[in-house]
Amino acid sequence: MLEIKGLSVSVVGKEILKDFNLSVAAGEVHAIMGPNGSGKSTLSYVLAGREGYDITAGSVSYRGQDLLALKPEIRAREGLFLAFQYPVEIPGVGSATFLKTAVNAIRKHRGEKLYDAMEFLKIMREKRDALGISEEMMRRALNVGFSGGEKKRNEVLQMALLEPYLAVLDETDSGLDIDALKIAAEGINSLRSPERAMIVITHYQRLLEYVVPDYVHVMADGQVVRSGGKELALELEEKGYSGFGDKAEAAA
Amino acid sequence: MGAVSPRTARASRSIDLPYATKFAAARADLPGRDLPWLTSGRDAAMARFSELGLPSQKVEEWKYSNLSPLAKTDFTGPDRKAADSARDEVAQRFPKESAAGRLVFINGMLDGPLSELENLPTGVRVIGLADAIIDESDLLKAELDTVPALNGHALAALNAAFMADGCLIILEPEAELALELLFVAAPDVGAVAYHPHISIAAGAGSRLNLGEQHASLGDLEYWSNPVTSMRLGEAAQVRHYKLQEESGRAWQTSLTKARLAADATYENFVVTTGGRYARNEIEVALEGTGASCELGGSFLLSGEQQVDNRLQVDHIAPNGTSRQTYKGVLDEHSHGVFQGKTIVHRDAQKSDGNQLSRALLLSPDAIMDAKPELEIYADDVKCSHGATVGELDGEQMFYLRARGIDEASARSLLIAAFMEEHLQSITDDAARDWLRGAVSGWLALRLSGGAG
């Protein structure tokens, strides 16, 4: 599904990712943990194709394609989804209109029939009910006036509607109270499937109690400093990042 | 070294136009030549214009506009035959679509066959200006005297000297009227100039919904210089919507003046997509307690187009409210201007005034000049102003693209959103749909991709 090899990335001359390696197969859920500034969000943005990152070395292969050569919209249409840590507010763009535009852009790319307004509303209603998102919320402008929790649930709703092959969730747990966290986690778990892979980026172990990963990687100073199974998250919870080598300690 | 002559001193503040000669030639043919008050009014206006000249950029209120190309074109008065022969095409291109009454002007002249004034509600009079000059000259004189437009304003003076047509709209107290004014430019022998005058008296408690459209049959060069003057009685309500889609070679210099009595409300919204140069000048005087006005505008320009929006609201009585909100989208080499002035006079306590100018630049060559100004002479007021100029938001663009929406569609969606937010402020549903249609049309034409 995803093969990141020796990836080095700079932002205005400062190296953020250093010889980063990660391999994710279909059906797997990988958690990436690490202290602030370790490069977790940079990784998510580079995968999604945001501008302003200078790739100085390495390669990223996604479903047999050179991911870095694709425009952001093509990556999305090819099934890569980033759940934003800070979803952007867009006044004047209705949430439902935006979702329909996005879903149809992706369906068109996949050669699937476009939804008309009625079909789309029906599908959206099913998915949003499961996430406790009201119809009223969908009538508002995109993310405008949404609480932190509503924004994150809206990201999960988009993921459910866009049905990606690879979902990158960037701190989807931050800003959520425990009830909202459980709802979001249920939404994420319902999307787990043998064809779909996920990269769950988080600062805390909390989310991983509900979305149980197959692998956990600890990032520090732009690199993976340790990888293991789900038990690694618990070890982190006890010891903190200081227990994971000089680099993690320095970064923490 | 001799003394600087007054002639030289004036030249720097104005651009000379050969109008005095033209006026002398046209004077005998203008309507109302046998009405002494009108002919002496025209003479005084011409004298005033000759004194002021066409404003140059040295005049503060005109500093963003270069009118000198106007002086280089030999504009002539419109010909009735040319207008008549365009009638069928106008009828075809601009079919009447609503139940409202409609006046159609071709090259500034009222077209009888295309205008529909039957079934006007009771308590309402709508009279073509040329007819009013003949049949209702006392009434017209009274209205023109009530809202003097030409005071120190060169182009309004030119309008007063040359005005040949337009209309007089009178609403008795509590009367209601919905009216459309369609101004179409049609081919004539050469470039024509016309100076329509619209005079409105809205009696106490009356309601007027006025939709004004300015368009052209083809890529014509002309100069439209309309003046609209209105007075609103107590608690009268006027909603005034204007779509300005003149030809890309046209000049429009428009002035609207409104006087509001207590509790009267005036809503004005202008959408500008056309014209080589457009000047939208609106002056509102809140003369009665609790009067309010909302002045909104959207302009979408490309090429070498320029729009100069100049607004002035005078809070004269207490408890007045005013809003000035203009938003522009500027592509290529276009140039947008917002000059908003709110003056709160000494007795206008508890006034609430707000000004906002926002522009989106789609090209590095586009220019926006914003000059919001507050002048406050009362001590208990709430006033604010602001101006922003920016490009499309990179974070918003990335968010949309990360959801599979291509770059052109994402741009189009964001620009439409920027305008949509503003169009929401239009009170009348039908007018909002009409003006939104013009905005969407511009976006569809200018930006490839569409909104999916």
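Each chain gets a letter, A, B and so on, in the order its sequence line appears, and its residues count up from 1. Predicted model, so just to flag it, every value in this text is computed and none were measured.
For chain B, the nearby part of Leu162(A) is the side chain; its heavy atoms alone come within less than 4.5 Å. Looking at Pro87(A), both its backbone and its side chain come within 4.5 Å of chain B, counting heavy atoms on both sides.
Residues Met397(B) and Arg411(B) form a side-chain contact, since some pair of their non-hydrogen atoms from C-beta on lies under 4.5 Å apart. Residues His30(A) and Leu22(A) form a side-chain contact, since some pair of their non-hydrogen atoms from C-beta on lies under 4.5 Å apart. A 4.5 Å side-chain heavy-atom check between Ile201(A) and Leu169(A) finds every atom pair outside the cut-off. Within the 4.5 Å cutoff, no side-chain heavy atoms of Lys341(B) are placed close to those of Val313(B).
The stretch residues 63-84 of chain A places Lys71(A), Pro72(A), Glu73(A), Ala76(A), Arg77(A), Phe81(A), Leu82(A), Ala83(A), Phe84(A) near chain B, each with some heavy atom under 4.5 Å from a heavy atom of that chain. Contacts between residues 415-429 of chain B and chain A, counted as heavy-atom pairs separated by less than 4.5 Å, involve Ala417(B), Glu420(B), Glu421(B). Interface with chain B: from residues 114-151 of chain A, residues Leu142(A), Asn143(A) qualify, criterion being any non-hydrogen pair under 4.5 Å.
Using bins of under 30°, 30° to 60° and over 60° for the plane-to-plane angle, the ring pair Phe338(B)/Tyr326(B) lands in the tilted bin.
Ala410(B) and Ile405(B) make their closest contact through N-CG2, 3.8 Å (heavy atoms, listed as atom of the first residue, atom of the second, distance). Counting all heavy atoms, side chain and backbone alike, Gly353(B) lies closest to His315(B) at CA-NE2, 4.4 Å.
Taking the charged nitrogens against the carboxylate oxygens, Asp406(B) and Arg401(B) have no contact shorter than 4.0 Å, which rules out a salt bridge. Under a 4.0 Å N-O distance rule, the pair Asp352(B)/Arg323(B) qualifies as a salt bridge. Under the 4.0 Å criterion applied to side-chain N and carboxylate O atoms, Glu395(B) and Arg50(A) are assigned as salt-bridge partners.
Shown here are the side chain to side chain contact (heavy atoms under 4.5 Å, CB included) partners of Thr265(B), two or more places apart in sequence or in another chain: Gln237(B), Ser292(B).
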**Message:** Go through it in stages, so that I can follow the logic: the residues are Asn280(B) and Gln252(B), the test is side chain to side chain contact (heavy atoms under 4.5 Å, CB included), and I'd like the CA-CA distance, side-chain angles, deciding distance and then a yes or no.
**Reply:** CA-CA 8 Å; Asn280(B) 292 313; Gln252(B) 186 189 103; 4.1 Å; yes
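At least one donor-acceptor pair closer than 3.5 Å links the side chain of Gln355(B) to the backbone N or O of Glu373(B).
Note that NZ of Lys40(A) and CD1 of Ile199(A) are 14.0 Å apart. Values are rounded to the nearest 0.5 Å.
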